[in-house]
Amino acid sequence: MKRTSIFATLLLALSLSAQTARSGNTYQVTLESLLDEMVSAEQQARLPEPSYISGQVSSYDRRSVSPETQGWFANNDGFGIERIDTVNGHIEKVMFDETGPGAITRIWITTLDKRGTWRFYFDGNKTPGLVIPAYDLMCLDYPEIKNGLVMAHTSYTPDGKGGNTSFLPIPYAKSCKITFEDAPGVNPTPKYYHINFRKYPENVTVQTFSTETLEKSRKKLSSVNEALLKPSVRSDRPLKTVSARKAITPGDSLCINLPKGNNAIYEIRFSVSTDNPDAYATVMRQLIFKAEFDKKQTIWVPLGDYSGGGMGAPAVESWYLSSDGNGNITSRWLMPYKKKGSLKLHNLSGGEVNVEVAVKVSHLKWDDRSLYFHASWRQQDHIYIHNNYDEDEKCSDWNFATIHGRGIYKGDLLSLFNHAPRWYGEGDEKIWVDNDRFPSHFGTGTEDYYNSSWAPVYPFHTPFGGAPRADLETSHGYNAFYRTRHLDAIPFESTFKFDIEMLGWDSGYVDYSTTTYWYGDYEAQAIGTSGAPEALRPLLPADR
């Protein structure tokens with residue numbers, strides 16, 4: 001956040017604080033309240049209360065200062081730090097230093113030489129409240145959370161290229177500083193990291209993380225982790241199932257009208273089959289999922305992309321979406337509406353498609369925090385990637401998503417065909433929110449954004465996304481990355497812009513299609529998204 005406009009950040013923080021004060025409410029944020037929020041369908045789909053600003057600090061190359069100056073695409077991303085402190089004789093690299101009430105929501109790290117020590121200093125204390133030896137978040141040593149909250153990553157090995165990602169929330173009342181110290185006698189090597197965090201208004205009370213609160217939360221940690229690993233509809237409300245079945249001929253649709261009134265979709269199950277199994281990939285790209293709520297269309301996405309798998313609709317297993325890779329898809333995105341809603345599957349393929357859709361709906365009161373669910377899709381083929389990151393004039397950012405209005409960004413799918421012979425994803429994400437003068441989220445590489453490390457990437461699945469498709473070890477051909485956001489969601493008041501650098505190991509071309517999942521108010525809209533059949537053509541298998 002220190003690289004954004006300080007004035008704009010202060011204005012927004014004061015605005016959020018004033019909103020909280022006007023409401024007359026007081027809030028207490030704890031480890032357990034954050035864990036509850038993480039797996040609450042209703043809370044994940046609403047304007048946050050208490051309000052917060054979302055940010056990310058990373059090891060990105062500090063030569064990147066502005067799109068107008070040389071170095072915007074600099075790629076020496078393993079050495080960026082805030083500063084160096086000397087603490088009790090220790091030379092400590094400061095990775096993160098934030099003041100005010102807040103919470104860390106995601107930590108991603110990787111390096112070749114993992115020797116050293118991570119220290120977390122809370123609320124100005126000179127003694128660290130958490131120490132992690134080596135470059136290993138697994139050292140938290142809580143078996144019940146190692147495969148979900150902490151180990152949401154491709155792989156981890158003590159030696160070699162493995163990395164790890166933690167979604168364990170770490171709240172703090174006044175401040176948090178995180179440092180890393182190299183082991184004595186070890187020559188410094190690149191240390192790659194992301195730290196995502198929330199900044200709350202000053203009048204929000206936060207219970208600072210400690211090993212004692214972690215120990216007291218063992219039961220909650222275990223239940224949340226189990227929920228993440230075995231996702232299902234989580235609601236005490238009575239659910240009504242609305243379903244339809246149809247053999248959809250070319251150009252025709254299956255339609256479902258939802259119950260009227262204040263309601264929300266809690267789950268949708270799709271079952272798709274065709275008489276020609278060889279046409280599966282084409283059918284899943286040309287079967288369009290649409291949704292309209294209160295007379296506004298908020299979803300227009302090829303079903304295979306909506307599933308989180310992308311081209312070919314491979315298997316997916318995550319918190320919000322599951323697919324068996326054979327046409328059976330479960331969506332757990334909450335979709336509230338005020339008065340009425342409808343779902344539609346439209347067949348743009350050349351053959352008949354057998355489809356069954358079952359929707360679980362329940363009454364859910366609409367209020368001033370309620371938001372509509374959106375799934376927006378766009379694609380572009382023949383995008384140039386460059387392999388010399390210091391030649392700014394030949395490098396470019398590609399717009400992943402731009403949203404105008406108020407809402408919360410919840411995740412995305414990148415489905416692509418890589419024409420280049422090797423890795424295409426050296427580019428960093430750059431996310432601009434509202435009044436940012438510099439991206440409040442600046443990453444270190446495409447695979448890092450998706451909780452992996454050290455390309456090429458093999459298929460993997462976690463509750464928070466993964467890589468559903470990677471056809472070749474070289475990364476040539478079809479690939480797909482998928483990430484959804486829980487506590488690391490990004491609220492925005494007026495504008496959200498997500499760019500990604502088009503950089504690779506070899507110069508060449510890629511075809512990108514992106515699906516973005518987000519919540520917004522009635523006026524919010526994604527800019528430059530596709531909603532016409534001709535937009536589907538470039539990534540169809542027949543074109544290869």
Side-chain angles (χ1 to χ4, degrees), residues 1-3 55-64 71 73-98 104-121 128 130-140 150-168 170 176-197 389 423 425-430 439 441-455 457 488 501 503:
M1 292 294 265
K2 296 175 181 62
R3 290 158 299 279
Q56 175 177 289
V57 174
S58 80
S59 58
Y60 78 91
D61 193 320
R62 297 307 196 260
R63 289 177 293 170
S64 298
F73 299 96
N75 198 48
N76 196 4
D77 287 333
F79 294 96
I81 59 173
E82 301 295 285
R83 64 179 186 276
I84 296 177
D85 284 353
T86 301
V87 184
N88 298 325
H90 299 284
I91 306 300
E92 301 185 18
K93 299 172 183 177
V94 178
M95 313 295 222
F96 178 87
D97 190 14
E98 288 292 327
I104 294 166
T105 56
R106 169 182 176 260
I107 301 175
W108 169 90
I109 56 176
T110 193
T111 184
L112 283 172
D113 190 331
K114 296 179 173 61
R115 293 173 291 177
T117 304
W118 278 71
R119 296 183 178 93
F120 294 67
Y121 298 89
L130 180 64
V131 177
I132 298 178
Y135 218 72
D136 180 12
L137 297 171
M138 301 297 289
C139 290
L140 289 170
V150 174
M151 195 48 186
H153 199 99
T154 323
S155 63
Y156 173 76
T157 53
D159 301 312
K161 292 184 177 181
N164 43 124
T165 308
S166 170
F167 288 92
L168 179 70
I170 302 177
C176 178
K177 183 175 76 169
I178 302 175
T179 69
F180 178 79
E181 181 187 18
D182 285 297
V186 174
N187 291 326
T189 58
K191 298 293 188 292
Y192 303 91
Y193 72 92
H194 298 176
I195 301 173
N196 294 78
F197 66 99
Y389 319 130
W423 178 242
E426 279 298 306
D428 308 339
E429 81 275 9
K430 299 168 179 175
H441 299 68
F442 199 126
T444 58
T446 304
E447 79 276 28
D448 310 342
Y449 173 80
Y450 289 103
N451 302 315
S452 184
S453 55
W454 302 102
V457 177
D488 57 324
E501 298 171 337
L503 306 176

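Values below: all heavy atoms of this structure, side chains included; hydrogens, waters and symmetry mates excluded.
- Taking the six-membered ring for Trp and the full ring otherwise, Y135 and F180 have centroids separated by under 6.0 Å.
- Between T179 and H90, the closest side-chain pair of non-hydrogen atoms is not below 4.5 Å.
- Side chain of S59 to backbone of Y193: a donor-acceptor contact under 3.5 angstrom is found.
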Exercise for the section: Determine, step by step, whether E181 and I91 satisfy the side chain to side chain contact (heavy atoms under 4.5 Å, CB included) criterion, reporting the C-alpha distance in whole Å, the side-chain angles of both residues, the deciding distance to 0.1 Å, and the verdict. Expected result: CA-CA 6 Å; E181 181 187 18; I91 306 300; 5.5 Å; no
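- Below 30°, between 30° and 60°, or above 60°: for W108 and H153 the angle between ring planes is below 30°, a parallel geometry.
- A donor-acceptor pair is defined here as one N or O able to donate and one able to accept, closer than 3.5 Å; no such pair exists between the side chain of S166 and the backbone of I107.
- K177 pairs by the salt bridge (charged side-chain N to carboxylate O under 4.0 Å, His left out) definition with D85, not counting sequence neighbours.
- Proximity of a side-chain donor or acceptor of W454 to a complementary backbone N or O of K161 within less than 3.5 Å is detected.
- Taking the six-membered ring for Trp, F197 and F96 have ring centres closer than 6.0 Å.
- Using modelled atom types, one side-chain atom of K114 and one backbone atom of G162 make a donor-acceptor pair closer than 3.5 Å.
- When side chains are defined from C-beta on, T117 does not count as touching E92, because their heavy atoms never get closer than 4.5 Å.
- Note that K430 lies in the cation-pi zone of F73, set by a 6.0 Å cut-off to the ring centre and a 45° limit from the axis.
- Scored by the salt bridge (charged side-chain N to carboxylate O under 4.0 Å, His left out) test, E429 finds no partners at all (sequence neighbours excluded).
- For the pair K191/I109, no side-chain contact is recorded, criterion being any heavy-atom separation below 4.5 Å from C-beta on.
- Side chain of N451 to backbone of A152: no donor-acceptor contact under 3.5 angstrom is found.
- At distances below 3.5 Å, at least one donor-acceptor pair connects side-chain atoms of R62 with backbone N or O atoms of Y60.
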Practice task
Could you give me the CA-CA distance, side-chain angles and deciding distance for D428 and D448, then say whether side chain to side chain contact (heavy atoms under 4.5 Å, CB included) is met?
Solution key: CA-CA 9 Å; D428 308 339; D448 310 342; over 6 Å; no
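- Nearest heavy-atom pair across E501 and F442 is OE2-CZ, 4.2 Å.
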